[in-house]
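Being a predicted model, the structure only gives us computed values, none of them experimental.
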There are 2 protein chains.
Amino acid sequence: MIDPRLITLRVFARCGTVGATAELTGYSPSAVSAQLRELQRVLGLQLLAKDGRGVRLTATGRFLVAGSDSLIAEWESLRAAAMEAGDQVQSHFGLGGFSTAAAQLLAPLAATLRSTRPQLEVQVLEADPARCFDLLVAERIDLAVIVAMQSNTYGEDDLRFEQTVLLDDPLDVIIPSDHPLASRERVTLEELASEPWITEAAGSTYHSLFTAAFTAVGVTPRIAHEAVEWETQIAFVGAGLGVGLLPRLAPLRNAENVVRLRLTGKGRPSRRIVAAVRRGSIASPLVQESLDILQKNAERIVAARPEDEL
Amino acid sequence: MIDPRLITLRVFARCGTVGATAELTGYSPSAVSAQLRELQRVLGLQLLAKDGRGVRLTATGRFLVAGSDSLIAEWESLRAAAMEAGDQVQSHFGLGGFSTAAAQLLAPLAATLRSTRPQLEVQVLEADPARCFDLLVAERIDLAVIVAMQSNTYGEDDLRFEQTVLLDDPLDVIIPSDHPLASRERVTLEELASEPWITEAAGSTYHSLFTAAFTAVGVTPRIAHEAVEWETQIAFVGAGLGVGLLPRLAPLRNAENVVRLRLTGKGRPSRRIVAAVRRGSIASPLVQESLDILQKNAERIVAARPEDEL
DNA sequence: GATAACCGTGCACAATAGGTGCATGATTGA
DNA sequence: TCAATCATGCACCTATTGTGCACGGTTATC
């Protein structure tokens with residue numbers, strides 16, 4: 001209902017480059033360029049200025065983007081209310097989420113929605129949290145399940161989103177099964193301080209979570225290897241290359257020579273998993289139903305942890 | 001920036017028929033029909049229902065229209081603020097007004113804007129007050145100068161508009177120059193109670209003003225003739241067919257055998273002339289400038305009435 | 001300081017959304 | 001029963017809007 005060119009401008013405000021905006025919105029770079037030019041013509045405002053080999057927003061452009069937050073939210077809110085009032089037959093619903101979240105939470109949600117609403121065309125996009133927010137802004141997806149980080153660029157009070165906590169997913173330790181501590185049920189990070197650690201590349205989504213866990217207990221881990229996928233990390237541990245942290249939700253499957261241990265002691269690290277939607281859309285019946293399903297699923301998962309004291 | 005199909009729906013909510021909506025928006029009936037159908041498809045909502053040989057809004061449709069008021073206002077407000085912030089070059093500006101208002105206030109405004117902003121394409125539409133409001137909703141015009149009636153369908157608190165009082169335009173009496181009272185400077189309505197009156201057709205814009213003037217002093221006038229244009233009414237009076245009320249702003253020109261007299265006594269009738277814009281757009285620099293010009297012009301007109309006591 | 005990489009934009013072309021005008025069907029009032 | 005009114009479907013057309021490619025300008029690298 002809001003002019004798609006304004007949406008494009010908002011995405012550009014996040015990305016900074018026409019190319020990235022094109023990639024995120026699904027348009028070609030020329031189309032984005034043309035849209036932004038057209039938007040300026042229609043409004044009679046200069047929103048962009050050349051800046052080196054790229055373009056940047058002018059003050060007016062930033063003003064417009066900032067002010068449009070509430071406009072978008074208002075529309076989402078109105079649409080949600082209208083859909084609540086009328087018996088809507090929404091045709092498309094986009095979900096976004098990151099790896100384990102997508103597998104453990106989004107897949108069941110999509111399956112449930114598919115069965116309860118056969119008319120609905122559910123689309124799931126796997127994407128990391130930052131990209132999920134961008135996809136929400138770009139209106140490519142309507143709901144995202146993401147990991148809330150301390151270093152999250154998007155605060156809870158961001159005018160563009162509304163976030164709902166689903167569950168806290170504790171981090172476990174995975175060590176080779178021939179490790180001296182392998183028979184233990186619980187360990188502390190301090191006990192593993194001198195181990196060679198396997199983690200993700202610096203700057204990646206979980207790396208900050210990794211370091212935060214150690215800084216909480218005042219230990220500096222020795223990072224021996226880097227992996228991108230959980231599977232790779234598990235394989236490395238299985239090969240005896242070191243130890244690693246693995247979220248409870250990430251399945252170990254039938255990995256050989258790898259043991260999962262619960263962490264104990266103070267500052268047990270965990271990642272908070274939240275659902276995010278565009279502000280205003282939370283009243284939409286589809287979003288409401290989705291959040292209900294996610295909450296129930298999250299509760300079921302938490303309840304299935306018999307050993308969780310504290 | 002708001003989807004034109006939603007604007008069309010809003011106009012339809014006012015008109016009630018597809019044909020009238022087409023006439024007001026400038027589209028063809030088929031286009032309006034297609035737009036409304038498309039809007040329902042996109043939203044997945046049933047907004048219209050067949051009703052006899054026409055269509056009417058469903059409850060959901062009415063809800064959406066009502067809720068969109070604030071959405072439109074928010075956009076207007078944002079655009080106005082952005083245009084204030086940036087140095088905009090608005091290309092089109094639509095003005096609407098009714099007969100004398102258009103001639104006395106709108107024409108000078110258009111001329112001034114044309115000279116101060118050569119780039120700007122100013123368009124003036126003559127239309128009665130009710131239609132002016134419709135044209136504002138349809139976004140055919142951006143500012144209207146209208147006569148505020150007691151029986152105004154659009155209250156000051158309407159979420160869609162913001163109104164600014166420009167001036168009060170008193171009603172004068174016009175009588176044949178050979179009338180016994182023609183030499184008087186001032187008369188009261190009571191003195192003319194038994195005269196044959198010339199007015200507009202019942203139900204027309206000024207008829208309610210006419211009757212209100214008499215009910216205020218407790219007199220029931222005898223309506224002898226009806227005219228549509230001021231010119232016609234003046235000619236009738238000149239022909240000795242009766243007497244009539246004429247707003248001060250309406251020029252008498254060089255009408256023969258007609259004298260204009262000031263009304264005195266309690267409840268001197270007058271019509272209030274106000275400027276109306278879409279809610280939110282009042283902060284726009286163009287609207288601000290226009291209102292300034294109108295206000296100044298109104299003050300000049302009022303100041304040119306040396307005899308106005310009370 | 002040459003070269004390569006990157007970024008945005010203009011242009012020819014294609015697709016498609018969105019417009020008009022007319023004919024049609026349905027409904028109401030004379 | 002007939003005419004008037006209203007919305008809508010259809011054929012057709014226009015013009016907006018997207019793509020792909022080439023180009024010019026800017027920055028980083030060697």
Asks: Tell me which nucleotide among D/dA7, D/dT17, C/dG8 gets nearest to the side chain of A/E38.
Replies: D/dT17
Asks: Would you tell me whether A/T58 and A/Q46 have side-chain atoms, one donor and one acceptor, within less than 3.5 Å of each other?
Replies: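 A/Q46 and A/T58 do not have a side-chain donor-acceptor pair below 3.5 Å.
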Asks: How long is the line joining CZ of B/R41 and C1' of C/dG18, in whole Å?
Replies: 13 Å
Asks: Taking distance alone, no hydrogens or angles, what donor-acceptor pairs closer than 3.5 Å link side-chain atoms of residues 47-57 of chain A to residues at least two apart or in another chain?
Replies:
none

Asks: Rounded to whole Å, please give me the gap between CZ in B/F12 and P in D/dT8.
Replies: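 Checked: the CZ to P distance equals 8 Å.
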Asks: If you measure from CD on B/E200 to CD on B/E229, what distance do you get to the nearest 0.5 Å?
Replies: 8.5 Å
Asks: Verify the contact: side-chain N or O of B/R53 to OP1 or OP2 of C/dG25, cut-off strictly under 4.0 Å; return yes or no.
Replies: no
Asks: Hey, are B/D158 and B/R279 close enough for a salt bridge, meaning a charged N less than 4.0 Å from a carboxylate O?
Replies: no
Asks: Report the distance from atom CZ of B/R37 to atom P of D/dT8, rounded to the nearest whole Å.
Replies: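 These atoms are roughly 7 Å apart.
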Asks: Could you tell me whether the side chain of A/Q123 and the main chain of A/H92 form a donor-acceptor pair under 3.5 Å?
Replies: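 Flag not set: sc A/Q123 to bb A/H92 has no pair under 3.5 Å.
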Asks: Where along residues 24-35 of chain B does a heavy atom fall under 4.0 Å from DNA chain C?
Replies: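 Nucleic-acid contacts, sorted: B/G26, B/Y27, B/S28, B/S30, B/A31, B/Q35.
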Asks: Can you measure A/R56 atom CZ to D/dT27 atom P for me and round it to whole angstrom units?
Replies: 13 Å
Asks: Rounded to the nearest 0.5 Å, how far apart are CZ of A/R278 and CD1 of A/I141?
Replies: 8.0 Å
Asks: Calculate the interatomic distance between B/D51 atom CG and D/dT5 atom C1'; express it in whole Å.
Replies: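 My rounded result for the distance is 14 Å.
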Asks: Report the distance from atom CD of A/Q40 to atom P of C/dG8, rounded to the nearest whole Å.
Replies: 14 Å
Asks: For A/K50 and C/dT9, what is the distance between atoms NZ and P respectively, to the nearest whole Å?
Replies: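 Atom NZ in A/K50 sits about 7 Å away from atom P in C/dT9.
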